Amino acid sequence: MNTKTNLITLADGQQMPQEGFGLYKVTGQSTISAAVASAYRAGYCLFDTAQLYKNEAEVGQALTDLEVPREELFVTTKVAEENQGYQQTIDSVKDSLHKLQLDYVNLLMIHWPIERAFFDSWAALQELKKQGLTKSIGVSNFQMIHLQYLATQATEMPVVNQIERHPRLNQAPLVKFDRDHHIVTQAWSPLGRGTILNNPVLREIGAHHHKSPAQVVLRWHLQSGVSFIPKSVHEARIKQNMDIYDFELSDEEMARINGLNDFHRTGKEPALVYEYNKKW
Ligand code: A2P
């Protein structure tokens, strides 16, 4: 994979780029095509979509238009709550593959843990992997309790757990739990949806390294050993967010950024989504 970022070897032996490109809330064929093309040119190979984003068809077209060998891409999608359950998951993933114009995805995830179909959806992912429709299986928004519960019935465990993570929600205990269980943590909203970028600590550290606050945050993710998937629809920012491989944060700077944690969530609380069986 011709990527500018590191490759992480997952517990199932597959390789995944550490930095990827997020496509949440990116809509419209021309916007998606331009963003995906800019990202690929800038060195991103991992593209992260989901059934919930309602853009799989546009992402599929944008990836097709790149005209690059399939092995050069790492494509992730996720099963939405409404499609959870054994057969619905299988059917919806086949529909996702059709929209994405792909024979397989690299990583397939349960988007949110829900009580209604907790084990059945996971059983479907295990089956889809067996059939070769995905290389790896993972989860998103799982808390420790969900992972422990899943382990009571799973024949194989997720290799990735994609969770909200940024300096205001650094998720240190869950990141450690994931690591201890050979699960790679992947940060969604790694920039806190852009809301943390005015923070004076991040600005000061950025000024010291001649980097933007966004680059400081992404470098913090990198040095924390997690995967991360920033998004932007602006070419300059897409490039900037990949330009984080020529500087290093000191231990003290890492500690200062860790110190910004105040448990602020931009998204939903996973325990409530589990209980209510849906995100909205
Ligand atoms: P835009 O798409 O207009 O560039 P997250 O990945 O945490 O969800 O954050 C995404 C948000 O952060 C988007 O609103 C995006 O805006 C903004 N963003 C992405 N990269 C940068 C950057 N380098 N500098 C400032 N804002 C950024």
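Just follow the structure's listing: the first ligand is 1, and inside any ligand the first atom is 1. FYI, the numbering just counts along the sequence from 1. These figures come from a predicted structure and were not determined experimentally.
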request  = For atom 21 (C) of ligand 1, state which one of Lys239, His166, Arg237 supplies the nearest heavy atom.
outcome  = Arg237
message = I'd like to know if Pro230 contacts ligand 1, where contact means a heavy-atom distance under 4.0 Å to any ligand atom.
response = yes
ask   = Should Ser212 be listed as contacting ligand 1, given a heavy-atom distance under 4.0 Å as the test?
value = no
inquiry  = Looking at non-hydrogen atoms alone, which of Val233, Leu191, Val217 comes nearest to atom 7 (O) of ligand 1?
reply    = Leu191
task = For the residue pair Glu127 and Gln131, confirm or rule out a side-chain donor-acceptor distance under 3.5 Å.
result = yes
ask   = atom 14 (O) of ligand 1: which protein heavy atom is closest, and how many Å away?
value = Arg193 O, 4.3 Å
Electrostatic pair Arg116:Glu81 at N-O distance under 4.0 angstrom = no
message = Give me the atom names and distance for the closest heavy-atom approach of Leu102 to Arg70.
response = CD2-NE, 3.6 Å
remark   = Note: ligand 1 atoms sitting under 4.0 Å from heavy atoms of Gly194 are 9 (O), 11 (C), 12 (O)
remark   = Of all heavy-atom pairs linking Asn2 and Glu72, the shortest is N-OE1, 2.9 Å
task = Run the ring-centre check on Tyr40 versus Phe21 and record whether the distance is less than 6.0 Å.
result = no
remark   = Taking only non-hydrogen atoms of Ser189 and a 4.0 Å limit, the atoms of ligand 1 in range are 5 (P), 7 (O), 8 (O)
Closest contact, heavy atoms only, Gln215 versus Asp243 = NE2-O, 3.1 Å
inquiry  = Considering non-hydrogen atoms of the protein only, which is the closest contact for atom 15 (C) of ligand 1, and what is the distance?
reply    = Lys231 O, 3.7 Å
request  = Record the part of Pro190 in heavy-atom contact with ligand 1 below 4.0 Å; permitted values are side chain, backbone, both and neither.
outcome  = both
query = In terms of residue, atom name and distance, what is the protein heavy atom nearest to atom 20 (N) of ligand 1?
reply = Asn241 ND2, 3.0 Å
key: Those atoms of ligand 1 less than 4.0 Å from some heavy atom in Ala214   = 22 (C), 23 (N), 24 (N)
query = Within 45° of the axis and under 6.0 Å from the centre of the six-membered ring of Trp220, does NZ or CZ of Arg165 qualify?
reply = yes
ask   = Are Ser96 and Gln51 linked by a side-chain donor-acceptor pair shorter than 3.5 Å?
value = yes
message = I'd like to check whether Gly192 has a polar contact with ligand 1, where a contact means an N/O of the residue lying under 3.5 Å from an N/O of the ligand.
response = yes
